[in-house]
Amino acid sequence: MPMEKTFNAAEAEARISKLWIDRKVGAAGANSVPGAEAFSIMIPPPNVTGSLHMGHAFNNTLQDVLIRWHRMQGHDTLWQVGTDHAGIATQMVVERELARDKSNATRREMGREAFLSKVWEWKEQSGGTIINQLKRLGASCDWDREAFTMSGNFPDAVTKVFVDMYNKGLIYRGKRLVNWDPHFETAISDLEVENIEVKGHMWHFKYILAGGETYEYIEKDAEGQVTLREKRNYISIATTRPETMLGDGAVAVHPSDGRYAPIVGKMVQLPLCDRLIPIITDEYPDPTFGSGAVKITGAHDFNDYQVAKRAGLPCYRLMDTQGRMRADGAPYEVAVARAREIAAGSPTNETEVDSLNLVPEKYRGRDRFEARKLVVADINAAGLAVTLLMKSYDEETGSEHLTLVPVVEDKPIMQPFGDRSKVVIEPMLTDQWFVDTAKIVGPALDAVRNGDTVIMPQSGERTYFHWLENIEPWCISRQLWWGHQIPVWYGLNLDVDNFTDDEGDNALDEVEILNILGDGGYVEREARSHCAADSAAVAEFFRDDLAPLPHPLNAARVVEVADRHAAVALLAQSLADYNLSQDPTHLTYPIWRDPDVLDTWFSSGLWPIGTLGWPDNTPELQKYFPTSTLITGADIIFFWVARMMMMQLAVVNEVPFKTVYLHGLVRDAKGKKMSKSLGNVIDPLDIINEFGADALRFANAAMASLGGTLKLDTQRIAGYRNFGTKLWNACRFAEMNGVWEGYSTAATPPKAAATANVWIIGETAKALAEVNESLAAYRFDTAADALYKFVWGKVCDWYVEFAKPLFDGEAAAETRATMAWVLDQSMILLHPIMPFITEELWSTTGTRAKLLVHTDWPTYGLDLVTPEADREMAFVTTLIDEVRSARAQVHVPVGLKIDLVAMTLSDEARAAWTRNENLIRRLARIETFEEGPAPKGSITLALDGAAFAIPLAGLIDIAEEKTRLQKTMDKLAKEIGGLTGRLNNPAFAASAPEEVVDEARANLEAREDESAKLRAALARLAEIG
RNA sequence: GGGCGGUUAGCUCAGCGGUAGAGCACUACGUUGACAUCGUAGUGGCCACUGGUUCGAUCCCAGUACCGCCCA
């Protein structure tokens, strides 16, 4: 059945994709030759909730190009595929699904276990979306190895790493100010926060000095001239977050700020609260900004937290996990009384400070933004707002008044938002787990410095260094349920200092039990904690803790309970039972597991080794690790690349990959970020449906210049779809001419005598060399460009045309063989970028032993290039171009065949003419040819080594031909001028390399030769015109 | 404010020491043994600006302006 006119992508891609998957063409090691070198790529695991967007399409195209290229070369390839459990994102999706049906229980109502089984249920049903979409793109991953960060050996690997790092002191727990997401009620890392400029306000409040004190406030200008001098009983502070003032610990001013020098160390009354706070000095306040005085709220601002730490101020937490003003704890009067004691020097600790709720009753339980409005209103009502005299206009009476209004500046402020939840992030003082990144960053920096891992483009390297050299501790705990639960268990601290066994009976009576438990101190004491792979292992540690306790408490059974609450209850129950029964087997010691889960990036940071079966030393780990290349977005360098480097080096002391290829974000044709709100999102699946996966892939490859921005234009994709059609039709042309009859794959080119055939074989070798070189340098764009130019510009534009007359002559057989080979090579070389259409062509042409995907990548070299053939074909194509151009410029009707006269012909040119006369006559549409002088009224073509005339007496417009010649001569004159100038400059000959000088000289000679011919032509025209 | 990058044809981008290229768009024409998802010919550029290095700068260096991105 003859080929269709165009490639039916929709039909063929589905069929071919299935074929590849059924045949497992992407299986690890498929098509590898014995002893082949390994080439492995870890896919950046997309979120299991994800669906394919342009970034994925781009990123995975590049990976697939490399993998296919290496696989065809017989290398032992692995493209490891899989998905990431994506803690927050997935939990969010499933919660939202549940919320769709109001009759469903919420996450909290159903509890942890039930919710997690819902998540798994969801994952089984919908988690495969993106994997299927990758298949549509033509990705040739090893689908049987699909991994998931919550399945298989992965959880064990993650736990093992946590335990190891904990034991090495690389992971610690601490109360720190972290970014808190009030929607998800979890801490998130710095990287998950987006700072966005929003319209905000700056309020100015007066904090009144305690004890009725006053001072002289003096403001000076830059010259030291006093501009304001007044007696004040307050200090003015500015804030964009009034509600946090309830937790202020001090007012800070810069030590050099003379305005406040008289009152440093004094106390001010905290408005709306019954507390006094000190005025302190710190380097942080900027004296030139606002009033120069800053309120310090240690528990709700990152800068303030640092100041508070330096000054030893207590940090009072004001909000609950949902960002509401706290409603827990003792009544305000009780709490504030205690706060005053602490301020007066009463000893305290972090836990107590955290438990104190200093939010006045009025604000308790209010949302933070509602509280803000209330605080502002109350400050205004109390006359504590800084005010300004303003002119106001009474519309009824038409009179003007002067009134005092509170100063509220409109001010753009940078506000932190959760990248998932989109709610305002609250700095919050909470207990979290951290990786002590400073301790593991060294090897990750060294590996890139010494080239063990190369980051491309190099600017990525600089970004990498910059970030790692200034790295902050990594908060890895998340208050979520979906994820790897932290392998740390807690138990109550039952230590007693001076226990005596009153009776010496090795048993506990009620009095002794009460002695141990004291006044309930174990309930308040910091719990003991241990880290281990599972509860059985951790129980050992707790038994060790119990050992020094009085018998039989030291033999209590360690049992796991849900939380601290349950533990306290169970311990009490167990002691009561024992007290009644005096049966030691009734004694239990409850422990509970840390409810937090790990940051998703902690586990994806282990993706390279985790997917290869670590901690087992699997054959895959030995073969494919360290992996060859990581291809990922530059936006993910901190989240993932740097962390994989740190983690792999910390865990297995090897770099995870040898090369990192970073690319930019895919944008729309105008360079705008694609976003749902802008409505400019291009869905790769729509593109695939419209233009086919190959067109999208080719566009992706062609856009992938190192370090460039990626603007995706559908017109360009359409162009590459056309490119596929072009190749398709060349093959169809070959089919019509019997090229494929009896043809089977040939690795080496046929013996050819006709110059056109010799030439195109050489061009093919050049294309191969360029593609190899480009791909080796990760220059997907130059590879794509070279292929485009070769297939369209050489094969289709010229070679197919040359072949037409050759099919009728004596070279017909070798031309068929050459064309088959050249088209074969085109399919092979294009296959990594355009796998579908090439695989389809492969199967519809010739006899094939293997699928194209497993066909050998060619190895021939540039020795196939024949310089004589190149020169000859250059003469032929130039002559044809010149004739066509001249014809068009003097408006010779395209249908009209013309005569051609050769005025001069070098030996080489004559030989080239003779051997290719048929081609030239046909393509330039020439009727007769003869040698001789130029007839009158002819147009002239000047070539290197030849001059031709086209007699067109009566047909041409003399003036127009003059213009044409003049234009060409002008162009030549410009070139000649430049070349002469250069050659006449003695410094040029002296300093420039010899070959450059020679080239310039030869160039000048050729240009002058052409110019002379044109001058002669002009002269001839002058005679008749 | 700090870091990284960009500024080349109408648009999107390559090139990065020897006086500029592609695709798209545009204009004219449609002879052809595959292809109108096409062919042929053409229009279009003080390579942001100012200095410097060099025999020679779009390319290297410094500065200026504007535009991005990331981090505060």
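Proteins come first, then strands; the chains are lettered A, B, ... in the order of their sequence lines, and each starts at number 1. Quantities reported herein were computed from a predicted structural model and do not represent experimental measurements. The analysis underlying the following values was restricted to heavy atoms, covering all of them including side chains, and did not include hydrogens, waters or symmetry mates.
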Say whether [X] and [Y], considering side chains only, have a donor N or O and an acceptor N or O under 3.5 Å apart.
X: A/Asn985; Y: A/Arg982; answer: no
X: A/Arg1007; Y: A/Asn1003; answer: yes
X: A/Glu840; Y: A/Thr844; answer: no

[atom1] spacing across the pair [N] / [M], given as an integer number of angstrom:
N: B/G1; M: B/C60; atom1: P; result: 27 Å
N: B/G10; M: B/A25; atom1: C1'; result: 7 Å
N: B/A48; M: B/U58; atom1: P; result: 9 Å
N: B/G56; M: B/G18; atom1: C1'; result: 7 Å
N: B/U40; M: B/A36; atom1: P; result: 14 Å
N: B/G45; M: B/A20; atom1: P; result: 14 Å
N: B/U37; M: B/G44; atom1: P; result: 29 Å

Distance criterion of 3.5 Å, no angle test: do you see the side chain of [X] paired donor-to-acceptor with the base of [N]?
X: A/Arg922; N: B/G33; value: yes
X: A/Asp808; N: B/G33; value: yes
X: A/Lys5; N: B/C35; value: no
X: A/Arg884; N: B/U40; value: no

Just compare [options] and give me whichever is closest to any side-chain atom of [X].
X: A/Arg779; options: B/C55, B/A25, B/A14; answer: B/A14
X: A/Thr463; options: B/C35, B/C4, B/A41; answer: B/C4
X: A/Val996; options: B/G18, B/G39, B/G42; answer: B/G18
X: A/Phe733; options: B/C55, B/G33, B/C35; answer: B/G33
X: A/Phe988; options: B/G18, B/A34, B/G30; answer: B/G18
X: A/Ser885; options: B/G33, B/G15, B/G42; answer: B/G42
X: A/Ala987; options: B/A41, B/U12, B/C55; answer: B/C55
X: A/Trp792; options: B/G42, B/C29, B/C38; answer: B/C38

- What is the ring orientation for A/Phe948 with A/Phe929, classed by angle as parallel under 30°, tilted 30 to 60°, or perpendicular over 60°? tilted
- Mutual orientation of the aromatic rings belonging to A/Tyr661 and A/His663 [parallel < 30°, tilted 30-60°, perpendicular > 60°]: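 Aromatic pair A/Tyr661/A/His663 classed tilted.
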- Any-strand Watson-Crick or G-U partner of B/C49, both distances under 3.5 Å: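 Matched B/C49 with B/G63 under the 3.5 Å cut-off.
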- Contact under 4.0 Å: A/Trp740 side-chain N or O vs B/A34 OP1/OP2: no
